[in-house]
Amino acid sequence: MKITRVAQIITVFSLLISQTGFAQEGTKRALLIGINKYEELPWLSGSRNDVEVMKEILIRRYDFPDQNITTLFDEAATRVAILQALEAFVASVGPNDTVLVHYSGHGSQVQDLDGDEEDGLDETICPSDARTEGVPDITDDELNGILGRIDAASYVVILDSCHSGTAMRAAASGIVSRSVPPDTRVELYDDQSV
């Protein structure tokens, strides 16, 4: 029997929940980002659907209040919008909260400028305006800088994208998939501000 990508994500999510557990106290919050439509990169067909399914699962199975789930889709998920949403999300999280961040879209790589990657490449997620003039991808260093400030009872980060195996300093998964070529515009990554 063939397992769909959504089923795989749900299976991984359920395993993570069983290992970390969701706190009974505090507030349940989620930030969900799904990008099918890109300005310069090839369009995807399942990312938005994956996020919509995840939202329904969070509401129906895990009792996340709808008003505590922020979603960004397609054209609204620009680099600036994603970084602002991440910052606002982290600022809203309390120490007793249960949180989930889920990104589904393109992932890529760029030359590592700070020397913290053994392979010399930072992993990236690609906002909807990725590869447009002057817009760098969002690097693993940026994600770690923001998400590393989460102080919650339990949290899960799901990056459903190419090159996501080490984006959160996790072990490589060994899964082979399509990918977007590395961004060669290294000068854009010297100042990764919003």
Side-chain angles (χ1 to χ4, degrees), residues 9 30-48 50-51 70-93 99-152 155-194:
I9 292 169
L31 172 60
L32 310 175
I33 303 163
I35 308 172
N36 284 342
K37 299 176 183 177
Y38 285 87
E39 291 182 41
E40 293 294 327
L41 297 176
W43 283 18
L44 297 171
S45 61
S47 296
R48 183 178 178 134
D50 291 353
V51 166
T70 302
T71 57
L72 283 176
F73 291 117
D74 297 328
E75 297 90 345
T78 63
R79 174 183 166 78
V80 168
I82 291 172
L83 292 173
Q84 288 175 343
L86 286 166
E87 289 288 355
F89 183 75
V90 170
S92 74
V93 171
V99 299
L100 174 106
V101 175
H102 180 173
Y103 168 84
S104 183
H106 280 304
S108 189
Q109 296 175 307
V110 67
Q111 180 182 340
D112 174 32
L113 297 179
D114 63 4
D116 67 339
E117 301 283 351
E118 287 183 25
D119 65 357
L121 296 170
D122 277 324
E123 287 67 41
T124 67
I125 60 171
C126 301
S128 64
D129 56 350
R131 310 301 162 91
T132 60
E133 186 175 342
V135 179
D137 297 351
I138 298 172
T139 67
D140 56 359
D141 293 333
E142 290 177 282
L143 289 175
N144 279 304
I146 297 169
L147 296 176
R149 297 193 317 263
I150 292 177
D151 179 23
Y155 72 95
V156 175
V157 176
I158 298 173
L159 300 177
D160 179 16
S161 62
C162 294
H163 304 292
S164 61
T166 60
M168 293 300 299
R169 305 295 185 249
S173 64
I175 296 173
V176 177
S177 60
R178 297 181 307 224
S179 65
V180 172
D183 193 349
T184 58
R185 303 167 305 156
V186 177
E187 68 281 359
L188 294 177
Y189 295 85
D190 283 333
D191 178 25
Q192 295 176 343
S193 57
V194 177

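What you see below is based on every heavy atom in this structure, not just the backbone, and it leaves out hydrogens, waters and symmetry mates. Position 1 is the first residue of the sequence, and the numbers go up from there.
- A pairwise comparison of heavy atoms in Pro127 and Pro136 identifies CG-O, 4.3 Å as the closest pair.
- Side chain of His106 to main chain of Pro42: a donor-acceptor pair is present (N/O by atom type, distance under 3.5 Å, no hydrogens or angles).
- Side-chain atoms of Asp74 come within 3.5 Å of backbone N or O of Asn36 as a donor-acceptor pair.
- Checked for salt-bridge contact, Arg185 and Glu133 miss the test: no charged N lies under 4.0 Å from a carboxylate O.
- Within the model, atoms CG of Leu100 and OH of Tyr155 stand 12.0 Å from one another, a figure rounded to the nearest 0.5 Å.
- Shortest non-hydrogen contact noted between Tyr38 and Trp43 is O-NE1, 2.8 Å.
- Note that CG of Leu44 is 7.5 Å distant from OG of Ser104, once rounded to the nearest 0.5 Å.
- Residues Leu159 and Leu143 form a side-chain contact, since some pair of their non-hydrogen atoms from C-beta on lies under 4.5 Å apart.
- Closest non-hydrogen pair, Gly105 versus Ser161, comes out as O-CB, 3.1 Å.
- Between the OH atom in Tyr103 and the CG atom in Leu31 there is a gap of 12.0 Å [rounded to 0.5 Å].
- A donor-acceptor pair is defined here as one N or O able to donate and one able to accept, closer than 3.5 Å; such a pair exists between the side chain of Glu142 and the backbone of Thr139.
- Atoms OG1 and CG, from Thr124 and Asp183 in turn, are 7.5 Å apart once rounded to the nearest 0.5 Å.
- Rounded to the nearest 0.5 angstrom, Arg48 CZ and Thr71 OG1 are separated by 7.5 Å.
- Between atom OG1 of residue Thr78 and atom CD1 of residue Ile138 there is a gap of 8.5 Å, rounded to the nearest 0.5 Å.
- The shortest side-chain heavy-atom distance between Asp137 and Val110 does not fall under the 4.5 Å cut-off.
- Asp122 and Tyr189 are not linked by any side-chain donor-acceptor pair at a separation below 3.5 angstrom, with hydrogens and angles left out of the test.
- Residues Ile35 and Cys126 come closest through the heavy atom pair CD1-O, 3.6 Å.
- For the residue pair Val51 and Ile33, the shortest heavy atom distance occurs at CG2-O, 3.3 Å.
- Judged as a side-chain contact (heavy atoms from CB on, under 4.5 Å), and not counting sequence neighbours, the contacts of Val135 are Arg79, Asp129, Thr132.
- Nearest approach of Ser128 to Glu75, heavy atoms of both residues: OG-O, 3.6 Å.
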